*Asks:* 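Could you have a look at this structure, given as structure tokens, before my questions?
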Amino acid sequence: MAANEDQEMELEALRSIYEGDLCFRELSPVSFQYRIGESGDPKAFLIEVSWPETYPQTAPVISMDAFFNNTISSTIKQSILDKLMVEVEANLGTAMTYTLFEYAKDNKELLMENQPVNTVTSVSNSIAIGTPDVPASKKKDKKEQLSKTQKRKLADKTDNKGELPRGWNWVDVIKHVSIFKLSFFKFKEICKK
């Protein structure tokens, strides 16, 4: 079989296998990306595999240069690429894109074991980066800032204790009426006995 026929068959297989998989993305008929791990996972990474004209007789081009991988150290990226190249050499001459993606999924923890875990927390307009082992300082939540008009309207609706008057919303009124009806019918049944 010619390389192009092998590529067409593998492309068709990849499309059917990963149909509906949000981690898989076909950039072109010869270039694919796969996200290993969930999007919020600090140890998630993205692999890009591109096929040269003579693939699968020659090795595919594997890249981890996607913006998604910016938090991963260059030594970890190189380690992942080295381990994937071992898989490429073992599968040379066969369709291997699926095999590479599955190898990375199955060995995610091993591939990312030396990657430090940083959590990113945004508070208003600032971003703090820290490790999850260190407890974050307790920050008080900002109270909602109200305009004078909003404060006046709120004061008009509430009593001197800051509580809304009974029946301010219809749900409360309906509950009150239904409780009254229920107790009235119970009283009526008791009187009949």
Side-chain angles (χ1 to χ4, degrees), residues 1-139 141:
M1 250 191 241
N4 286 338
E5 290 175 12
D6 288 341
Q7 289 180 11
E8 287 175 19
M9 288 178 55
E10 186 173 1
L11 177 61
E12 192 175 314
L14 288 172
R15 286 177 177 163
S16 66
I17 291 169
Y18 292 119
E19 182 179 348
D21 188 345
L22 299 177
C23 295
F24 177 77
R25 194 165 138 204
E26 181 181 335
L27 303 175
S28 73
V30 294
S31 185
F32 312 93
Q33 285 183 339
Y34 198 86
R35 184 184 71 233
I36 309 299
E38 298 300 318
S39 55
D41 185 0
K43 290 194 174 191
F45 58 95
L46 191 79
I47 298 173
E48 186 173 322
V49 176
S50 300
W51 299 339
E53 278 187 40
T54 55
Y55 171 84
Q57 275 40 37
T58 58
V61 177
I62 304 172
S63 172
M64 290 191 67
D65 294 334
F67 181 76
F68 187 86
N69 296 330
N70 279 352
T71 58
I72 301 172
S73 71
S74 58
T75 55
I76 298 296
K77 287 181 191 178
Q78 190 57 50
S79 170
I80 292 170
L81 289 173
D82 292 342
K83 290 176 181 168
L84 287 173
M85 286 311 291
V86 170
E87 289 297 308
V88 167
E89 290 171 15
N91 293 297
L92 205 57
T94 63
M96 68 180 87
T97 306
Y98 172 79
T99 306
L100 294 174
F101 291 154
E102 291 303 307
Y103 171 81
K105 280 174 39 179
D106 294 342
N107 296 294
K108 176 186 165 242
E109 293 301 319
L110 177 70
L111 296 171
M112 295 294 285
E113 69 184 347
N114 295 325
Q115 173 67 21
V117 178
N118 289 330
T119 56
V120 178
T121 312
S122 66
V123 178
S124 64
N125 292 334
S126 63
I127 296 176
I129 298 176
T131 57
D133 298 338
V134 180
S137 62
K138 294 182 179 177
K139 294 188 179 188
D141 292 334

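FYI, side chains are in, hydrogens and waters are out, and symmetry mates aren't considered; it's all heavy atoms of this structure. Because the structure is predicted, anything quoted here is derived from the model rather than measured.
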*Asks:* Hey, would you say the F32 and Y18 ring centroids sit under 6.0 Å apart?
*Replies:*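 Between F32 and Y18, the centre distance exceeds or equals 6.0 Å.
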*Asks:* For the side chain to side chain contact (heavy atoms under 4.5 Å, CB included) test, which of K77, R35, K108 pairs with F45?
*Replies:*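 Exactly one pass, corresponding to K108.
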*Asks:* Please report the interatomic distance CE(M85) to CD1(I62), rounded to the nearest 0.5 Å.
*Replies:*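 One finds 5.5 Å between CE of M85 and CD1 of I62.
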*Asks:* What distance do L92 atom CG and T94 atom OG1 have between them, rounded to the nearest 0.5 Å?
*Replies:*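 Taking CG in L92 and OG1 in T94, the distance rounds to 7.5 Å.
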*Asks:* Taking all non-hydrogen atoms of both residues into account, name the closest pair between P60 and V88 and its distance.
*Replies:*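 Where P60 meets V88 most closely, the heavy atoms are CD-CG1, 3.8 Å.
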*Asks:* Test side chain to side chain contact (heavy atoms under 4.5 Å, CB included) on E48 and D65 and set out the steps.
*Replies:* CA-CA 8 Å; E48 186 173 322; D65 294 334; over 6 Å; no
*Asks:* What pairs with N107 under side chain to side chain donor-acceptor pair (under 3.5 Å), at least two apart in sequence or on another chain?
*Replies:*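 By the side chain to side chain donor-acceptor pair (under 3.5 Å) rule, N107 matches no residue at all.
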*Asks:* Just verifying a value: how many Å separate K43 NZ and I36 CD1, rounded to the nearest 0.5 Å?
*Replies:*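 Interatomic distance, K43 NZ to I36 CD1, rounded to 0.5 Å: 15.0 Å.
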*Asks:* Ignoring hydrogens, what is the shortest heavy-atom contact between G37 and C23? Give both atom names and the distance.
*Replies:*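 Nearest heavy atoms, G37 then C23: O-SG, 4.5 Å.
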*Asks:* Going by ring pair (Phe, Tyr, Trp, His ring centres under 6.0 Å), Y34 matches just one of Y103, F101, F68. Which one?
*Replies:*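 Only one option passes, and that is F101.
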*Asks:* Could you give me the CA-CA distance, side-chain angles and deciding distance for M64 and I80, then say whether side chain to side chain contact (heavy atoms under 4.5 Å, CB included) is met?
*Replies:* CA-CA 9 Å; M64 290 191 67; I80 292 170; 3.6 Å; yes
*Asks:* Taking all heavy atoms of M112 and all of I76, pick out the closest pair and write down the distance.
*Replies:*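 Nearest heavy atoms, M112 then I76: SD-CG2, 3.8 Å.
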*Asks:* Which heavy atom of S50 sits nearest to which heavy atom of S31, and what is that distance?
*Replies:*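 Looking at all heavy atoms of both residues, the shortest contact is OG-OG, 3.2 Å.
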*Asks:* Do L14 and E26 make a side-chain contact, defined as non-hydrogen atoms from C-beta onward lying under 4.5 Å apart?
*Replies:*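 Side-chain contact under 4.5 Å: no.
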*Asks:* Mind listing the closest non-hydrogen atom pair of L46 and A66 along with its distance?
*Replies:*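 Shortest heavy-atom contact: CD2-CB, 3.4 Å.
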*Asks:* In terms of side-chain geometry, is the basic nitrogen of K105 or E102 positioned less than 4.0 Å from the acidic oxygen of its partner?
*Replies:*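 Answer for the salt bridge query: yes.
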*Asks:* Out of curiosity, F67 CZ to N69 CG, how far, rounded to the nearest 0.5 Å?
*Replies:*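 Those atoms lie 10.5 Å apart.
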*Asks:* Run M96 and E87 through side chain to side chain contact (heavy atoms under 4.5 Å, CB included) and show every step you take.
*Replies:* CA-CA 9 Å; M96 68 180 87; E87 289 297 308; over 6 Å; no
*Asks:* Check the side chains of D82 and Q78 for a donor-acceptor pair under 3.5 angstrom, ignoring hydrogens and angles.
*Replies:*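 Yes, side-chain donor-acceptor contact under 3.5 Å.
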*Asks:* So, Q7 side chain and Y55 main chain: donor-acceptor pair closer than 3.5 Å or not?
*Replies:*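 Checking the backbone N and O of Y55 against the side chain of Q7, a donor-acceptor pair under 3.5 Å is found.
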*Asks:* Please report the shortest heavy-atom distance between L84 and I47, naming the atom on each side.
*Replies:*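 L84 and I47 have their closest heavy atoms at CD1-CD1, 3.8 Å.
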